[in-house]
Structure formats: C-alpha cells, structure tokens
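Positions are given from 1, in the same order as the sequence printed here. Note that these values count all heavy atoms, side chains included, but never hydrogens, waters or copies made by symmetry.
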Amino acid sequence: MAQLDFGGQLETVVTRDEFPLEKAREILKDETIAIIGYGVQGPGQALNLKDNGFNVIVGQRSPSKSYDKAIEDGFVPGETLFSIEEAATKGTIIQYLLSDAAQISVWPELKPHLTEGKALYFSHGFGITYKDQTGIVPPENVDVILAAPKGSGTSLRRLFLAGKGLNSSFAVHQDATGRARDRIIALGIGIGSGYLFETTFKREVYSDLTGERGTLMGAIQGLFAAQYDLLRSRGHSPSEAFNETVEEATESLYPLVAENGMDWMYANCSTTAQRGALDWWKKFRDAVKPVFEELYDSVESGHEAKLSIDSNSKSDYRVKLEAELNELRESEMWRAGATVRKLRPKND
C-alpha cells in the first residue's frame, strides 16, 4: 500500500501493481465467495471475480428475472447458483449485494449463516451505518468489510472487459479473524478495481448519498433542466437547447475532463468559452453550496436513509418509481435527447 499526496493530504491507496491478481488469488484460494443478490452490483462483481479465477457462487431467489439472468451469465442451478440461504451456508465470504431495502428484509434469513470466521462484505455502508433503522448488526465473530466501486455494476463489467478498472473504496468495520484487511483488498482487486482507496463505512455512505443526490445524478439533472427550460423559453429549438445543454457536455466536454482535468478541458476550448467559464463557475458554486450543506446534513442525520427505507419498503414502490422515471423520460428535454441520440453517426 502506498501513501499518495492528494492536494496536500496523504491517503492510503492500493494499486494492482503493488497488489497483483496472483497475490489476491493466493489469499482467497480456500474461500468460497457467495454473491447474495444479482441485481445492480451482483452481476458485474460475480462475473469479474469468476473470470479472474476465484471460486464464486450466486444466491438469488427463484423464480425471478435476476435468477434467470444468472443462468444466462453461466451460473448453473445446483452447482454455482442456489437459493440465498443455501449460498450463504456454502460461502465463506458473503457478498451482501441486495438493495438496501432488500438487505433489511432478508437479514433475519441471512444472519444465522454468518458463522465464526466468515466475512460479511458490503458495497455500500448503508446497512451498517444506519443500523438503528436497518437492524443489520453482524455477529462479533465475523469480519465485516466493504469494497465500493465508484460506479454501476454495468460500468464495472464493461471496463473490466475493456481491460480497464473502476476505482473502489475499501474499509474494514470489524476484524474478527485478523485477515479482514487482506481479504477485502484481495476482493477489491478481484472485482476489477482500478485502484483502491481507504475509507470507513460511515464516510462511504455519507459521500455516496451526497454524490448520488448531488453532482452524479440529482444536481446534474436539475442543472440540465434549468438551462434547457431557459433556452426554450427564450425561443431556442429543442434540438439546439438539448445539444447546448446535454449532448455537448456528455459527448465532447466531459470526456476531456475525464482525460486530463477541468483546466485541460478549458484550455482546449475557445478563448470565449474559457473566459465565460472562468467568470461564472464561482457564481454557480456559491449559489448551490447552501443546497449541498442542507443535503449533507440530511444524510448525516439519517433523514435521507429514513426516506429511502420508508419509500422502498412500500408495496407500490415500483409503480410509483416507474411513474417518476416516466416523468423524466417523457419530458421534452429527454424526448429531444432520444431523437438526438438516433442522429449520432453509426460506426461502419
């Protein structure tokens, strides 16, 4: 592990150069990794671990679309695909990758199978951090560990297949065996992380919930909608408003930021664009900072967790979710986006 300087602060990181896949395989050679849940994170992590040579089984309810997907992905009922309880019995490392709401409901079934020496693995600090609301309190004789890829399971898999990696955080909440740290770093390498940076369960969930509601999803949709609506109200066409708001950002400018940073992106735009961006970015920062303060306070207090648990536990959750997603899908901005995407040049 290396200590790297991030803007004047030293952080512990683990790279694949210093912790190669061969070392990870050696550490986990006698382990059976049980992936519980095959929804958002399950497929990417399970398949990457399997392709990297680890012993992986899947636990998923049947019948379900996720169970069928696991079969399509090569997991065999009775051999590498089991019920949740049977997989939990067989596994020495239990990767608990159900949704936060499902983790709460399944916990009474899972907990009896967490016998001494096993490891309970999360990719989100939610269940442990908000234990007063979730009821998820692991026994003291198991390791409790976390590896959280900074992106969706789909992205984790796509980058793995492209020979790349998705950065992940890692944490040890409980070290019952004395091997928890080695176990989680090996797992982080095994799932295909680009590099691993150390955190805690609490910091992971606070930053994750803030990011999802902020610049990753919530705030960016709000900014897109505000600018698109403003351009439309001033007489610009849907195509022009969408291209200037979303398409140019996602197809042209954001990849430049990912490549070399914001300053490099600015330097590779027109001088007019540079001047305007430099003049206006601090105004936007100052305008939204109070909203982010409110958001973080809501996360830290557990209010966001309560909202999520209450909403996701209702029987009509899926119906209401689809209605809200449909509102986005059918908005003029994203209908314009669907048309614009169809007009992108196809690869020959």
Side-chain angles (χ1 to χ4, degrees), residues 1-6 9-29 31 33-37 40-42 44-49 52 54 56 91-98 100 103 114 117-131 136 138 142-153 155-157 159-160 164-212 216:
M1 285 174 284
Q3 290 280 309
L4 296 184
D5 188 344
F6 287 87
Q9 179 173 337
L10 292 178
E11 291 190 34
T12 300
V13 301
V14 182
T15 69
R16 291 189 284 191
D17 289 336
E18 61 184 306
F19 203 106
L21 186 58
E22 293 75 18
K23 182 177 180 179
R25 289 196 193 106
E26 177 64 24
I27 289 171
L28 301 179
K29 65 181 180 180
E31 305 270 19
I33 302 168
I35 307 290
I36 305 300
V40 176
Q41 281 289 338
Q45 295 198 32
L47 291 171
N48 289 1
L49 285 163
N52 272 334
F54 297 90
V56 181
T92 59
I93 295 173
I94 312 300
Q95 293 199 191
Y96 204 28
L97 300 180
L98 294 166
D100 295 324
Q103 284 185 14
L114 294 173
K118 289 192 177 187
L120 178 61
Y121 166 115
F122 294 86
S123 281
H124 193 24
F126 191 98
I128 295 294
T129 300
Y130 301 114
K131 63 181 183 295
I136 296 177
V142 302
D143 293 340
V144 182
I145 53 182
L146 173 147
K150 297 300 105 180
S152 70
S155 298
L156 183 73
R157 182 62 177 166
L159 287 169
F160 176 86
K164 301 177 182 179
L166 190 66
N167 300 332
S168 302
S169 60
F170 77 96
V172 174
H173 178 72
Q174 184 169 285
D175 185 4
T177 67
R179 299 187 295 116
R181 194 173 183 84
D182 281 348
R183 274 172 145 177
I184 192 54
I185 293 173
L187 288 162
I189 296 297
I191 64 174
S193 302
Y195 77 89
L196 295 160
F197 60 95
E198 193 165 12
T199 188
T200 66
F201 274 61
K202 184 177 289 186
R203 288 204 303 266
E204 189 283 329
V205 74
Y206 286 3
S207 61
D208 189 70
L209 294 185
T210 299
E212 290 167 349
L216 301 179

Review point. In a check of side chain to side chain contact (heavy atoms under 4.5 Å, CB included) between Phe201 and each of Lys131, Gln174, His173, which one passes?
Key: His173
Exercise for review: Without swapping roles, check the side chain of Arg25 against the backbone of Asn52 for a donor-acceptor pair under 3.5 Å.
Suggested key: yes
**Study point:** Taking every non-hydrogen atom, the tightest pair across Phe160 and Gly192
**Key:** CD1-CA, 4.3 Å
Exercise for review: Compare every heavy atom of Val172 with every heavy atom of Ala180, then report the nearest pair and how far apart it is.
Suggested key: CB-CG1, 3.8 Å
**Study point:** Partner residues of His124 under the side-chain contact (heavy atoms from CB on, under 4.5 Å) criterion, sequence neighbours left out
**Key:** Asp100, Phe126, Glu204, Val205, Asp208, Leu209
Point to revise | Test salt bridge (charged side-chain N to carboxylate O under 4.0 Å, His left out) applied to Lys29 - qualifying residues, sequence neighbours left out | key: Glu26
Check your understanding: Atom CZ of Phe170 and atom CD1 of Ile185: how far apart are they, to the nearest 0.5 Å?
Key -> 4.5 Å
Revision key, fill the gap. To the nearest 0.5 Å, atom CD1 of Ile94 lies from atom CZ of Phe122 at 11.0 Å
Revision key, fill the gap. Heavy-atom closest pair (Phe54 atom, Ala24 atom, distance to 0.1 Å) is CE2-O, 3.6 Å
Check your understanding: Which pairs with one or both residues in residues 172-192 pass salt bridge (Lys or Arg N to Asp or Glu O under 4.0 Å), sequence neighbours excluded?
Key -> Glu31-Arg179, Glu31-Arg183, Asp143-Arg183, Arg181-Glu198
Check your understanding: Of all heavy-atom pairs between Pro149 and Leu166, which one has the smallest distance, and what is that distance?
Key -> CB-CD2, 4.0 Å
Study note, to complete from the structure: Here the gap from Leu49 atom CG to Ile189 atom CD1, rounded to the nearest 0.5 Å, amounts to 11.5 Å
Check your understanding: In Å, rounded to the nearest 0.5 Å, how long is the span from OG of Ser168 to CG of Leu187?
Key -> 11.0 Å
**Study point:** Closest non-hydrogen atom pair, Gly188 against Leu196
**Key:** CA-CD2, 3.9 Å
Practice item. State whether the side chain of Tyr96 and the backbone N or O of Gln103 hold a donor-acceptor pair below 3.5 Å, judged by distance alone. Key: yes
Review point. How would you list all residue pairs meeting salt bridge (Lys or Arg N to Asp or Glu O under 4.0 Å) that involve residues 187-197, not counting sequence neighbours?
Key: none
Check your understanding: Distance-only, no hydrogens or angles: does the Gln45 side chain make a donor-acceptor pair with backbone N or O of Ile191 under 3.5 Å?
Key -> no
Check your understanding: When rounded to the nearest 0.5 angstrom, what is the spacing between NZ in Lys150 and CG in Asn167?
Key -> 10.0 Å
Point to revise | Interatomic distance, Ile128 atom CD1 to Leu120 atom CG [nearest 0.5 angstrom] | key: 6.5 Å
Point to revise | Between Ser169 and Thr199: side-chain donor-acceptor atoms closer than 3.5 Å | key: no
Point to revise | Candidate pair Gln95 and Ile36, rule side-chain contact (heavy atoms from CB on, under 4.5 Å), full reasoning | key: CA-CA 6 Å; Gln95 293 199 191; Ile36 305 300; over 6 Å; no
Exercise for review: Using the test salt bridge (charged side-chain N to carboxylate O under 4.0 Å, His left out), find all partners of Glu18 that sit at least two apart in sequence or belong to another chain.
Suggested key: none
Point to revise | Gly194 backbone acceptor or donor facing Lys164 side chain under 3.5 Å | key: no
Exercise for review: Enumerate the residue pairs fulfilling ring pair (Phe, Tyr, Trp, His ring centres under 6.0 Å) with a member in residues 178-198, sequence neighbours excluded, ordered by first and then second residue.
Suggested key: none
Review point. At their closest point, which heavy atom of Gly91 faces which heavy atom of Ala34, and how far apart are they?
Key: CA-CB, 3.9 Å
